[in-house]
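Everything below concerns the one structure shown next.
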Amino acid sequence: MRAFLKKEWMELCRTGRLLILTLIFILLGIMNPAIAKLTPWLMETMSESFAGTGLVITDITVDAMTSWTQFYKNIPIGIVIVILINGGIFTAEYQKGTLIPVVTKGLSRRKIVFAKALMAFGIWTFLYWLCFGITYGYNAFFWDNGIAGHLFLAAALTWLFGVWVIALLVLFSTIAQSVTQALLGTGGIVVGVYILSMFPKLGKFLPMKLMEGMALMQGIHDPGNYYACMTAAGAMVFLCMGLAVLFFDRKRL
């Protein structure tokens with residue numbers, strides 16, 4: 001398994017995917033406070049244009065919450081990019097036939113699944129907290145992060161949502177024959193959960209609620225409102241991994 005992890009890491013570096021993802025998440029982390037900081041200037045610049053239409057722009061005050069609002073608006077873009085770049089986590093191996101030699105030489109199929117999943121979870125964790133750390137640092141420099149309540153718990157909720165989506169990708173990648181099928185399966189489940197979350201009685205139990213970190217930071221919700229969806233998301237991650245192992249054991253390479 002250590003050898004396979006090393007192989008995954010080398011492939012991630014040599015293909016440039018790690019560099020691309022790191023640069024994207026660094027950019028996202030910088031954009032959040034930058035947009036918040038530039039908003040008053042942009043509004044002032046555009047005020048003359050709006051004046052001609054009868055709209056009056058008053059003074060706009062920005063703080064750390066403005067930047068964190070941008071963070072939670074932009075992080076879904078990061079999740080989508082991670083999923084798209086890792087869409088061929090198994091299907092690319094199927095098409096190239098690169099798994100056949102390692103399986104015939106005795107490497108456990110379960111260790112292959114765990115190694116690939118561990119690498120995907122690890123990369124997402126690194127990228128997410130890198131983006132969060134950059135935004136946190138700039139916010140602390142320009143404003144005060146103390147204005148946000150339960151800041152790290154709210155961040156952990158969004159991180160867990162990303163873990164859940166990646167677990168779905170791992171599952172569908174073991175079943176699908178192409179990248180498109182894996183992405184469609186993952187996206188279909190996420191969209192289905194989003195639709196179900198519109199029903200209030202179901203929404204509090206579904207992973208989509210994990211994306212409501214701003215409500216926790218603003219004091220609209222308490223931490224207790226998220227325990228059910230956290231438990232559900234964790235259980236679904238373990239279920240996805242178990243099913244991925246089961247399907248991959250029976251997969252014809």
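Along the sequence shown, residues carry numbers from 1.
Taken to the nearest 0.5 Å, the CG atom of Leu18 stands 9.5 Å off from the CE atom of Met119. To the nearest 0.5 Å, atoms CG (Leu12) and CD1 (Ile20) are separated by 10.0 Å. Once rounded to the nearest 0.5 Å, the distance linking CG of Leu5 with CD1 of Ile112 reads 11.5 Å. For the atom pair CD1 of Ile166 and SG of Cys240, the computed distance is 12.0 Å after rounding to the nearest 0.5 Å. Between atom CH2 of residue Trp143 and atom CH2 of residue Trp68 there is a gap of 10.5 Å, rounded to the nearest 0.5 Å. With rounding to the nearest 0.5 Å, the separation of CG in Leu196 from CE in Met198 is 9.5 Å.
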Task: Full working for side chain to side chain contact (heavy atoms under 4.5 Å, CB included) between Ile134 and Phe25 - done: CA-CA 9 Å; Ile134 292 173; Phe25 274 78; over 6 Å; no
TODO: Test ring pair (Phe, Tyr, Trp, His ring centres under 6.0 Å) on Trp124 and Phe121 and set out the steps.
DONE: CA-CA 5 Å; Trp124 160 246; Phe121 292 143; over 10 Å; no
TODO: Given side-chain hydrogen bond (donor to acceptor under 3.5 Å, both in side chains), test Arg17 with Thr15 step by step and report yes or no.
DONE: CA-CA 6 Å; Arg17 288 184 295 163; Thr15 56; 3.3 Å; yes
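Side-chain atoms of Lys204 never come within 3.5 Å of backbone atoms of Ala228 as a donor-acceptor pair (strictly under, hydrogens ignored). Distance alone, capped at 3.5 Å, places no donor-acceptor pair between the Ser173 side chain and the Val170 backbone. At least one donor-acceptor pair under 3.5 Å links the side chain of Asp63 to the backbone N or O of Thr66. For the pair Thr135 (side chain) and Gly29 (backbone), a donor-acceptor distance under 3.5 Å is present. Arg109 contributes a side-chain N or O that, together with a main-chain N or O of Phe248, makes up a donor-acceptor pair within less than 3.5 Å. Listed for the Glu8 side chain is no donor-acceptor partner under 3.5 Å among the backbone atoms of Phe4. With hydrogens and angles disregarded, a donor-acceptor distance shorter than 3.5 Å links the side chain of Asn145 to the backbone of Tyr136.
Applying the salt bridge (Lys or Arg N to Asp or Glu O under 4.0 Å) rule to pairs touching residues 140-150 yields nothing, sequence neighbours excluded.
Phe238 and Leu169 sit in two unconnected hydrophobic clusters of ILVMFWY residues. Membership requires side-chain heavy atoms under 4.5 Å apart, directly or through other members. Cluster membership for Phe247 and Tyr94, using ILVMFWY side-chain heavy atoms within less than 4.5 angstrom, is not shared. In the hydrophobic cluster analysis, where Ile, Leu, Val, Met, Phe, Trp and Tyr join through side-chain heavy atoms closer than 4.5 angstrom, Ile83 is grouped together with Trp159. In this structure, Met65 is not a member of the same hydrophobic cluster as Ile220, with clusters built from ILVMFWY side-chain heavy atoms closer than 4.5 Å. By the rule that hydrophobic residues join a cluster once side-chain heavy atoms approach within less than 4.5 Å of another member, Leu168 and Leu184 end up as members of separate clusters.
Donor-acceptor pairing under 3.5 Å is recorded for the side chains of Asn139 and Ser67.
Under the 6.0 Å distance and 45° angle rule, Lys111 does not count as a cation-pi partner of Phe114. Cation-pi geometry between Lys209 and Tyr226 is satisfied (NZ or CZ under 6.0 Å from the ring centre, within 45° of the ring normal).
When all heavy atoms of Cys131 and Ile75 are compared, the pair lying nearest together is SG-CD1, 4.3 Å. Scanning both residues, Met31 and Asn74, for their nearest heavy atoms gives CE-ND2, 4.4 Å. Heavy-atom minimum distance, Met208 versus Val190: CE-O, 3.6 Å. Of all non-hydrogen atoms in Tyr72 and Ala155, the two that sit nearest each other are OH-N, 3.3 Å. Annotation for Leu171 and Ala244: closest pair CD1-N, 3.6 Å, computed over non-hydrogen atoms. Val179 approaches Gly88 most closely through the heavy-atom pair CG2-CA, 3.7 Å.
No side-chain heavy atom of Ser197 sits less than 4.5 Å from a side-chain heavy atom of Leu202. In this structure, the side chains of Leu21 and Phe126 stay at 4.5 Å or more apart for every pair of heavy atoms. With contacts defined as side-chain heavy-atom distances shorter than 4.5 Å, the pair Pro33/Phe71 does not qualify. Side-chain contact between Met217 and Leu153 is absent, with no heavy-atom pair separated by less than 4.5 Å. Contact check for Gln177 versus Thr91: no side-chain heavy atoms found under the 4.5 Å cut-off. Annotation: side chain of Leu183 is not in contact with side chain of Phe172 (no heavy-atom distance under 4.5 Å). With contacts defined as side-chain heavy-atom distances shorter than 4.5 Å, the pair Trp9/Ile123 qualifies. At a threshold of 4.5 Å between non-hydrogen side-chain atoms, the residues Val193 and Trp164 count as touching.
Of the candidates Asn86, Val80, Ile81, Leu84 forms a side-chain contact (heavy atoms from CB on, under 4.5 Å) with just one, namely Val80.
Hydrophobic cluster membership of Leu23, counting Ile, Leu, Val, Met, Phe, Trp and Tyr whose side-chain heavy atoms lie under 4.5 Å apart directly or via other members: Leu19.
Taking the side-chain contact (heavy atoms from CB on, under 4.5 Å) definition, one finds that Thr69 meets it with Lys73, Met214, sequence neighbours left out. Among residues two or more places apart in sequence or in another chain, the side-chain contact (heavy atoms from CB on, under 4.5 Å) test is passed with Asp222 by Asn225. Remark: Ala156 pairs with no residue by the side-chain contact (heavy atoms from CB on, under 4.5 Å) rule, at least two apart or across chains. Residues passing the side-chain contact (heavy atoms from CB on, under 4.5 Å) test with Met10, sequence neighbours excluded: Lys6, Arg14.
Taking the six-membered ring where the residue is Trp, Phe132 and Tyr128 present parallel rings, their angle staying beneath 30° rather than reaching 60°. Under the 30°/60° scheme for interplanar angles, the aromatic rings of Phe142 and Tyr138 are found to lie parallel.
For Trp129, the CH2 atom counts as densely surrounded, since its 6.0 Å shell holds more than 12 non-hydrogen atoms of other residues, nucleotides or ligands.
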